[in-house]
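So the structure is just underneath, and the comments pick up after that.
Counting convention: from 1, in listed order, for ligands and their atoms alike. Numbering starts at 1 and runs along the sequence shown.
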Amino acid sequence: FLLLILSGLIFVILVMLYRRYHSTSIIKFLMLNAIKQNHLVPYYQPIIDAEKNITCGYEVLIRWETKKGKVILPDEFIPQCEANGVITPLTFQLINTVARDIRKLEMQHGKVLPYYFSINISASVLQDPELIDITRSALAHYHIAPHNIAFELTERSPIDNIEQAEHNCAKLNAMGIQIKLDDVGNGYCDFLALQKLQATTIKIDKIFIDDINSLAANTIVKSLIAFAEKAEVEVIAEGVETEQQAKILTDLGIRYHQGFLYSKPMPFDSLSNDKNFNV
Ligand code: C2E
Ligand code: MG
Ligand code: MG
Ligand code: MG
């Protein structure tokens with residue numbers, strides 16, 4: 001009888017292992033294929049200097065455009081890519097695609113763009129020594145100035161090798177590439193990382209902007225602003241959707257805004273038609 005229970009248990013464990021392996025390998029296969037076929041494409045969302053009412057940069061937000069024309073949002077596949085390591089080739093390809101897009105825009109307009117294009121970098125990629133060479137050769141290959149590229153690191157996943165991340169960021173900084181800390185307030189509140197990685201900007205998470213009318217969120221935002229002033233870092237408010245929010249944020253002293261109020265993320269071809277695109 002005991003033997004029966006034991007073999008039943010072993011069977012269940014084997015089935016679980018198989019299903020787990022199978023599903024991770026299928027998504028891995030699909031993602032690697034999507035990379036190879038250039039189905040992972042950058043969209044661009046303007047970041048606005050609300051004081052001057054001009055665009056000062058773009059956040060690069062990846063989309064998966066399937067063969068059937070469906071657009072899949074990053075929350076549906078980035079966590080899996082982070083878990084199975086595909087995030088590294090994905091990001092390295094994205095860096096090249098963005099550099100190529102910047103080059104195209106510069107050729108169209110006949111000048112170096114004043115904008116930065118801020119690419120989301122997962123913690124594991126920020127710690128990858130190869131990141132430096134990939135970035136450097138993308139800049140060189142497409143003749144891009146370093147101020148055109150920035151990296152933003154989410155606070156939501158921890159950095160496990162802070163020394164290596166620090167080392168990479170020092171090199172990026174020396175190259176003239178800025179580091180921004182993303183989703184601030186909605187994660188580890190990693191002020192140590194901010195300091196060690198020499199980040200120049202904090203992006204205040206949308207949850208506080210949504211709730212900016214509440215005393216709690218308002219107080220948190222105010223203290224982040226006070227901190228940023230002391231630390232001499234810039235502040236971007238994420239997820240600004242209404243004029244009323246924009247006004248409150250401006251009154252609080254937040255100069256840089258990003259959100260649907262100004263523009264949704266758009267594909268490359270719409271970029272230079274955008275009302276904010278003005279070089
Ligand atoms: P994130 O970096 O915090 O990016 C901001 C997200 O908020 C984007 O969602 C953007 O479309 C959305 N957003 C911007 N303004 C508004 C607004 O006014 N209202 C609302 N409701 N949403 C707004 P998206 O594009 O779905 O990206 C989700 C997350 O996926 C990103 O959050 C980022 O963490 C991750 N992600 C996107 N692209 C990449 C990538 O290339 N690499 C990595 N590692 N992560 C990425
Ligand atoms: Mg981001
Ligand atoms: Mg963000
Ligand atoms: Mg966010």
Using a 3.5 Å cut-off on N or O atoms only, is Glu82 in polar contact with ligand 1?
no
Heavy-atom proximity to atom 38 (N) of ligand 1, best of Asp75, Ile62, Leu126:
Ile62
Tell me, please: is Lys203 in heavy-atom contact with ligand 1, that is, under 4.0 Å?
no
Working to the nearest 0.5 Å, report the span between OH of Tyr116 and OH of Tyr58.
11.0 Å
Which residue from Asn120, Val125, Thr242 reaches closest to atom 43 (C) of ligand 1 through any of its heavy atoms?
Asn120
Region of Leu90 engaging ligand 1 - heavy atom pairs below 4.0 Å
neither
What N, O or S atom of Asp182 is found closest to the Mg ion (ligand 3)?
OD1
Per-atom contacts, ligand 1 versus Glu238 - under 4.0 Å to a heavy atom:
3 (O)
Specify which N/O/S atom of Glu59 comes nearest to the Mg ion (ligand 2), by atom name.
OE2
Tell me the nearest of Leu61, Ile72, Leu40, Ile121 to atom 8 (C) of ligand 1, using heavy-atom distances.
Leu61
Is the backbone N or O of Ile207 less than 3.5 Å from a side-chain atom of Asp211, with the two atoms forming a donor-acceptor pair by type?
no
Subset of ligand 1 atoms that lie under 4.0 Å from at least one heavy atom of Glu241
17 (C), 18 (O), 19 (N), 20 (C), 21 (N)
Taking a cutoff of less than 4.0 Å between a non-hydrogen atom of the residue and any ligand atom, is Thr91 in contact with ligand 1?
no
Leu94 contact mode with ligand 1 (heavy-atom cut-off under 4.0 Å)
side chain
Quick one: look at Gln45 and ligand 1, take heavy-atom pairs under 4.0 Å, and tell me if it's side chain, backbone, both or neither.
side chain
N, O or S from Thr154 under 2.8 Å to the Mg ion (ligand 2)
no
Of all N/O/S atoms in Glu152, the name of the one nearest the Mg ion (ligand 2)
OE2
Gln258 side-chain N/O to Gln45 backbone N/O, donor-acceptor pair under 3.5 Å
no
Report, in ascending order of atom number, the atoms of ligand 1 lying under 4.0 Å from any heavy atom of Ser122.
44 (N)
Answer yes or no on whether Lys264 is positioned over the face of Phe260, meaning its NZ or CZ is under 6.0 Å from the six-membered ring centre and within 45° of the axis.
yes
Measuring from atom CG of Asn161 to atom CG of Asp128, what distance do you get when rounded to the nearest 0.5 angstrom?
11.0 Å
Donor-acceptor contact present, side-chain Asn218 to main-chain Ile212, <3.5 Å:
yes
Please could you name the atoms of ligand 1 that Gly239 approaches to less than 4.0 Å, counting only its heavy atoms?
15 (N), 16 (C), 17 (C), 18 (O)
In Asp183, the N, O or S atom nearest to the Mg ion (ligand 3) is which?
OD1
Run the contact test for Glu59 against ligand 1 with a 4.0 Å cut-off on heavy atoms, strictly below, and give the result.
yes
Indicate, as side chain, backbone, both or neither, the part of Arg63 found under 4.0 angstrom from ligand 1 when only non-hydrogen atoms are considered.
side chain
Considering non-hydrogen atoms only, spot the tightest contact between Leu271 and Leu105 and give its length.
CD1-CD1, 3.8 Å
First locate atom CD of Gln245, then atom NZ of Lys206, and finally report the distance between them rounded to the nearest 0.5 Å.
8.0 Å
Side-chain donor/acceptor of Asp49 to backbone N/O of Lys52, under 3.5 Å
yes
Would you check the N or O atoms of Gly259, main chain and side chain alike, for any that come under 3.5 Å of an N or O of ligand 1?
no
Do you know the tightest heavy-atom contact between Pro146 and Ile177?
O-CG1, 3.8 Å
Partner of Ser118 under side-chain hydrogen bond (donor to acceptor under 3.5 Å, both in side chains), picked from Glu59, Lys203, Glu152, is Glu152
Listed partners of Phe1 passing ring-ring contact (aromatic ring centres under 6.0 Å, His included), at least two apart:
none
Please confirm if an N, O or S atom belonging to Glu238, backbone or side chain, lies less than 2.8 Å from the Mg ion (ligand 3).
yes
Over 60° means perpendicular and under 30° means parallel, so classify the ring planes of Phe117 and Tyr44, tilted if in between.
perpendicular
Would you say Asp182 touches ligand 1, if touching means a heavy atom closer than 4.0 Å?
yes
Just heavy atoms, cut-off under 4.0 Å: does Ile87 contact ligand 1 by side chain, backbone, both, or neither?
side chain
Establish whether Leu197 and Ile236 are linked, either directly or via other cluster members, by ILVMFWY side-chain heavy-atom contacts under 4.5 Å.
no
Enumerated ligand 1 atoms positioned under 4.0 Å from heavy atoms of Pro74:
24 (P), 25 (O), 26 (O), 27 (O), 28 (C), 30 (O), 36 (N), 37 (C)
Give yes or no for whether the N/O distance cutoff of 3.5 Å, strictly under, is met between Phe260 and ligand 1.
yes
I need the Lys196 NZ to Ile179 CD1 distance, nearest 0.5 Å.
15.5 Å
